[in-house]
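Just so we're on the same page: letters track the sequence lines, and every chain starts at 1. Treat the numbers as computed from the prediction; the structure is a model and nothing was measured.
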Number of protein chains: 2
Amino acid sequence: MYVTRKADYAVRCVLHLSKYPEQVVSVNDIAKAMHIPKSFLAKILQRLVRKNIVMSIRGVNGGFQLSRNPKDINLLEVIEAIQGVTAANICALDSKKCRLSSTCSVHPVWVGIRKEIEKRLREWSFSRLAEAKR
Amino acid sequence: MYVTRKADYAVRCVLHLSKYPEQVVSVNDIAKAMHIPKSFLAKILQRLVRKNIVMSIRGVNGGFQLSRNPKDINLLEVIEAIQGVTAANICALDSKKCRLSSTCSVHPVWVGIRKEIEKRLREWSFSRLAEAKR
DNA sequence: CTAAAACAGGACATAATCAGTCCTGTATAG
DNA sequence: CTATACAGGACTGATTATGTCCTGTTTTAG
């Protein structure tokens, strides 16, 4: 599993929105707060809208807000919304991609790692993240 | 952490050599057994030699063999020999790369995942892998 | 009703990385 | 001395990552 900048920005973005629930925040504001190139973020938000994680309000004073309670959105969901399902090794994603997977003793290691990562990412809801202290 | 084909091939290759300890195996034989493009594998082996995981014997009847006992080589070492140190998210690799890492509540999640992956990969020596049944 | 603010979506650009290939050179067994 | 096998550098083509830009649409304030 490798997290692209795009997915990383998406996470930051949702995290920011989680801190201002019910409020409408513009792309510009999110971009400045989270250090994300504005037009790139706009693209990312389009995708989050389609995936029903965020909703958009057009026109003057428009912007974005979460379409669900942050407790019902987790890290895994946001990352997969942007980059699709991934794994550290393609063999853990699709054993057909690997001619050896049925006999290879490394295969179960990758599958185990994938499950562990997904479990951890699923455990972190954005309400939990927003509350977390550093 | 994303495993490239190169690193994956390296793992297969070392695994194959672990099954024939003390024997000298040619690039050709490894490539055929493990379904790896031959000239690509040759490059990978060069790197494994420099990293002292494998040793080469030149000339007629030459080839490669492990330079250490398979129990002293683990998955993490082979992968890092090929692709260097990696992590699922660059922020877990080098917090300087991320302007937010000092305040971002997601950062510890990535660091935790990285540690977990490295731990698991380190636990698998090639003697253990070679013995593992599927 | 119109101008300005803000999102939507497609096209484009650019750089890096991935996944190999190829060619020349060197060592060595027989 | 020749065939076999590794060493290493250069090169290539495809894909992906990371954005930017431009045009269009929606909406609201005045």
Side-chain angles (χ1 to χ4, degrees), chain A residues 1-13 17 23-32 34-65 67 79 82-84 86 88-91 93 97-99, chain B residues 1-13 17 23-32 34-67 79 82-84 86 88-91 93 97-98:
Chain A
M1 145 81 77
Y2 175 73
V3 179
T4 60
R5 305 302 300 141
K6 215 166 178 167
D8 192 55
Y9 290 157
V11 167
R12 292 190 202 179
C13 171
L17 291 176
Q23 285 185 40
V24 175
V25 189
S26 70
V27 176
N28 229 327
D29 290 352
I30 303 172
K32 278 181 186 161
M34 291 306 189
H35 298 102
I36 307 172
K38 183 184 164 183
S39 53
F40 197 33
L41 178 59
K43 288 274 150 228
I44 293 164
L45 276 159
Q46 281 176 27
R47 196 154 180 89
L48 292 176
V49 168
R50 273 185 240 118
K51 293 286 180 173
N52 199 34
I53 291 169
V54 144
M55 50 185 284
S56 73
I57 294 96
R58 295 176 74 151
V60 178
N61 300 324
F64 297 85
Q65 64 185 125
S67 56
I79 291 168
I82 300 300
Q83 52 181 58
T86 59
N89 193 316
I90 31 164
C91 82
L93 203 58
K97 288 276 171 77
C98 175
R99 295 187 58 181
Chain B
M1 143 81 78
Y2 175 75
V3 179
T4 59
R5 303 302 300 140
K6 214 166 179 166
D8 192 55
Y9 290 156
V11 167
R12 292 190 203 180
C13 171
L17 292 175
Q23 286 186 39
V24 175
V25 189
S26 71
V27 177
N28 230 325
D29 290 351
I30 304 173
K32 278 181 186 160
M34 292 306 187
H35 298 102
I36 306 172
K38 183 184 163 182
S39 52
F40 195 33
L41 178 59
K43 287 275 147 224
I44 293 165
L45 277 159
Q46 282 177 24
R47 195 154 181 90
L48 292 176
V49 168
R50 272 184 242 120
K51 294 286 179 173
N52 198 36
I53 291 168
V54 144
M55 51 185 285
S56 73
I57 293 96
R58 295 175 75 151
V60 177
N61 301 324
F64 297 86
Q65 64 185 124
L66 295 184
S67 56
I79 291 169
I82 300 300
Q83 50 181 60
T86 60
N89 194 316
I90 31 166
C91 81
L93 204 58
K97 287 278 172 76
C98 176

B:N61 side chain near C:dG30 phosphate (N/O to OP1/OP2, under 4.0 Å): yes
Which nucleotide in the set C:dG20, C:dG9, C:dC7 lies at the smallest distance from any side-chain heavy atom of A:Q46? C:dG9
A:R58 side chain, from C-beta outward: closest of D:dT25, D:dT18, C:dG20: D:dT25
Which nucleotide sits closest to the side chain of A:V60: C:dA8, D:dT28, D:dT20? D:dT28
Given C:dT21, is OP1 or OP2 found less than 4.0 Å from the side-chain N or O atoms of B:S39? yes
hbond_proxy A:K43 side chain to C:dG9 base (donor-acceptor, 3.5 Å cutoff): yes
What's the CZ-P distance between B:R50 and D:dA7, to the nearest Å? 9 Å
Between A:Q83 (side chain only) and A:Y2 (backbone N and O only), is there a donor and an acceptor less than 3.5 Å apart? yes
Whole Å only: how far is the CD atom of A:Q83 from the C1' atom of D:dT15? 16 Å
Looking only at heavy atoms, the pair that brings B:N89 and A:V3 closest together is ND2-CG1, 3.8 Å
Rounded to the Å, how far apart are A:R47 CZ and D:dA17 C1'? 15 Å
Does any N or O in the side chain of A:S67 come within less than 3.5 Å of the main-chain N or O of A:I53, such that one atom is a donor and the other an acceptor? yes
Under 4.0 Å between a side-chain N or O of B:T4 and OP1 or OP2 of C:dT17? no
At what distance, to the nearest 0.5 angstrom, does CZ of A:F64 lie from CD of A:Q23? 15.5 Å
Side-chain N or O of A:Y9 less than 4.0 angstrom from OP1 or OP2 on D:dG19? yes
Whole angstrom value for the distance that separates P of C:dT17 from NZ of B:K6: 12 Å
From C-beta outward on B:R5, which listed nucleotide comes closest to its side chain: D:dC6, C:dA19, C:dC7? C:dA19
With a 4.0 Å limit, can you tell me whether B:S26 has a side-chain N or O closer than that to the phosphate oxygens OP1/OP2 of D:dT4? no
Taking D:dC6, D:dT18, C:dC7 as options, the one with an atom nearest any side-chain atom of A:F64 is C:dC7
Would you mind reading off the distance between B:M55 atom CE and D:dC6 atom C1', rounded to a whole angstrom? 13 Å
Please give, in whole Å, the distance from C:dA8 P to A:L41 CG? 11 Å
Which heavy-atom pair separates A:I82 from A:R47 by the least distance, and what is that distance? O-NE, 3.7 Å
Note: B:K32-B:D29 ion pair, threshold 4.0 Å (strictly below): no
Mind checking A:G59 for me? I need base, sugar-phosphate or nothing, with any heavy atom below 4.0 Å counting as a touch. base
Give a yes/no answer on whether the side chain of A:Y2 brings an N or O atom under 4.0 Å of OP1 or OP2 in D:dA17. no
Would you mind telling me which residue lines up with the more 5' stretch of DNA chain D, B:V49 or A:K38, judged by nearest nucleotide? B:V49
Sugar-phosphate, base or nothing in reach of B:L45, heavy atoms under 4.0 Å: nothing
Given atom CD1 of A:I44 and atom P of D:dG19, what is their separation to the nearest angstrom? 8 Å
Mind calculating the distance between CG (B:D8) and C1' (C:dC18) to the nearest angstrom? 14 Å
